[in-house]
Colleague: 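The following block contains the structure, expressed as structure tokens.
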Amino acid sequence: MKMFLSVLLLIALLFPASVFSGDDRVASVKALKGEASISRVGLSLPVVVGMPLFQADRVLTGKGSALSLILLDDTTVSLGPESELDLKEYVFDPQDSHFLVVLRMLKGTFIYLSGVMGKLAPESIRLETPDATIAVRGTRVLVKVTP
Amino acid sequence: MSIVSLILLATGMLVMFLTPVDKTTVVLMPDSDGKVGQVEVVTEGGRQLLDEAHQMTVVASAQQAPAATSIVSDEEVTRLFADALAVEPLEPFKYTLRFLPGSDELLPESLALLPEIASTITLRSSRDIGVHGHSDRVGAKEYNDALSLRRAQAVRALLIGLGVDEAIIETSSHGEGNPVVPTADDVAEPRNRRVEVVIR
């Protein structure tokens, strides 16, 4: 019986009730110039201002386009044209002191301005490019990645 | 085309072909308050610290250390990052509202700020308001998680009462975990008993 209940509990934990509900959002799109898309679980979605973004989303801007987004802790990331950004990992949980920001900048231009996590837990912030890792301590940093 | 021009063209193309492309460029800049932080750029080959505004380093390949820092001008920064700069969000406008101990009741001077908050929201045409509740460290963690949520919800209700669209307000509860003034456990600190309204 105990085994059965444990297995049931395990299955219940594997299927959270809210997949991609508004509560899981990690960011919102703040501004958009031109065209951009989000790649999410194999689907390509056009960007609209105010749209929620989730962990594992890839943000892609088109030619002559630009986009800015604000994360839950008020970190902002702005992308220039023909840029690609992975929201690899994001946890902002001050109640339980869980903090993590891992963003992967694959190509293009970016402006990163850290929010509350930059003050509370700067060691939890990591920006990755294909060739380097950037550790950030509460600041504003501009990154250009040429593939 | 003259022989000289042809030679110059060929040399130019050869230089372009042989010059390594900077794969990653990192520039440290001040924020809107003029504050400058630090970044450290790390590759398999080494690391480089940036701690002054306008400092730049470049990475030619993952195996090489990042280059020694140079100083880059505002004009060059604008040239490289113009489109991203144009959409970079304004610094959010933040209000701090304070509370009686153990309560979701606002202090009188904070209650008096609410109409100004509502009009700033209108003036900024903001569609994205964060209302974040906090507590000091008096009491158990779970108690403070719940108290800070009640505080955020109280402010949210007051803002809606002043005509702010409820759809644009997002509340969160930070409990004891994000103090203005860090203290030891169970220490009363009025400055931490607060809600921050962030107008983005």
Side-chain angles (χ1 to χ4, degrees), chain A residues 22 25 28 30-34 49-50 61 64-70 72-74 76-81 83 92-99 105 108-116 118-120 122 127 129-147, chain B residues 21-32 35-44 47 50-51 53 56-64 66 77 80-89 91-92 94 127-128 130 132 134 141 144-145 148 168 170 172-178 198 200:
Chain A
R25 90 153 82 178
S28 300
K30 181 69 185 162
L32 173 67
K33 175 194 149 196
V49 171
T61 55
S65 301
L67 170 157
S68 56
L69 55 96
I70 305 188
L72 287 180
D73 73 310
D74 296 333
T76 68
V77 187
S78 309
L79 289 75
S83 304
F92 179 59
D93 181 4
Q95 282 183 358
D96 291 310
S97 296
H98 289 152
F99 305 110
M105 300 165 168
T109 53
F110 307 87
I111 303 174
Y112 174 93
L113 176 66
S114 58
V116 172
K119 298 176 194 111
L120 282 180
L127 307 181
T129 75
D131 298 284
T133 304
I134 305 168
V136 180
R137 274 161 193 31
T139 186
R140 184 165 173 252
V141 59
L142 286 63
V143 182
K144 177 171 179 243
V145 178
T146 310
Chain B
V21 175
D22 293 326
K23 303 295 287 296
T24 297
T25 303
V26 183
V27 182
L28 182 66
M29 291 293 280
D31 66 18
S32 61
K35 285 206 306 278
V36 181
Q38 281 189 355
V39 292
E40 193 176 41
V41 182
V42 181
T43 67
E44 289 165 36
R47 46 184 68 218
L50 304 180
D51 58 6
M56 175 176 88
T57 181
V58 295
V59 172
S61 83
Q63 291 73 36
Q64 291 173 250
V77 170
L80 283 172
F81 296 97
D83 296 275
L85 285 164
V87 292
E88 195 181 10
E91 192 87 16
K94 238 196 268 199
R127 301 283 315 153
D128 183 2
H132 310 303
H134 303 260
K141 176 192 165 319
N144 283 322
D145 288 345
S148 50
I168 69 173
E170 191 140 4
S172 75
S173 161
H174 292 200
E176 310 175 359
N178 181 5
V198 182
R200 316 204 282 195

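The structure presented is a predicted model; accordingly, all values stated were derived computationally and were not measured. Here is the naming used below: chain letters follow the sequence lines, and residue numbers restart at 1 for every chain.
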Colleague: Checking A:L113 against chain B: side chain, backbone, both or neither under 4.5 Å from a heavy atom?
Modeller: side chain
Colleague: For A:K33 and B:V87, which heavy atoms make the closest approach, and how far apart are they?
Modeller: CB-CG1, 4.2 Å
Colleague: Heavy-atom distance under 4.5 Å to chain B: side chain of A:P147, backbone, both or neither?
Modeller: backbone
Colleague: Based on non-hydrogen pairs under 4.5 Å, which of A:A31, A:A135, A:G80, A:A66 is most in contact with chain B?
Modeller: A:A135
Colleague: Which pair of heavy atoms, one from A:S78 and one from B:P89, lies closest together, and at what distance?
Modeller: OG-CD, 3.6 Å
Colleague: Checking heavy atoms, do the side chain of A:L127, its backbone, both or neither come under 4.5 Å from chain B?
Modeller: neither
Colleague: Name the region of A:S97, side chain, backbone, both or neither, that has any atom closer than 4.5 Å to a heavy atom of chain B.
Modeller: neither
Colleague: Taking only Lys NZ, Arg NE, NH1 and NH2, and the carboxylate oxygens of Asp or Glu, determine whether B:R200 and A:D74 approach each other closer than 4.0 Å.
Modeller: yes
Colleague: If you take all heavy atoms of A:V143 and B:F81, which pair is closest and at what distance?
Modeller: O-CE2, 3.4 Å
Colleague: Could you go through the side-chain hydrogen bond (donor to acceptor under 3.5 Å, both in side chains) check for A:Q95 and B:S173 one step at a time?
Modeller: CA-CA 7 Å; A:Q95 282 183 358; B:S173 161; 2.6 Å; yes
Colleague: With rounding to the nearest 0.5 Å, note down the distance linking CD1 in A:I111 to CG in B:D83.
Modeller: 10.0 Å
Colleague: Quick one: which of A:T146, A:L142, A:T139 has the most heavy-atom pairs under 4.5 Å with chain B, could you say?
Modeller: A:L142
Colleague: Relative to chain A, which of B:N178, B:V41, B:V198 shows the most heavy atom pairs under 4.5 Å?
Modeller: B:N178
Colleague: Can you say whether A:Y112 sits under 4.5 Å from chain B via the side chain, the backbone, both, or neither, judging by heavy atoms?
Modeller: neither
Colleague: Looking only at non-hydrogen atoms, find the nearest pair between B:A62 and A:D131 and report the distance.
Modeller: N-OD1, 3.3 Å
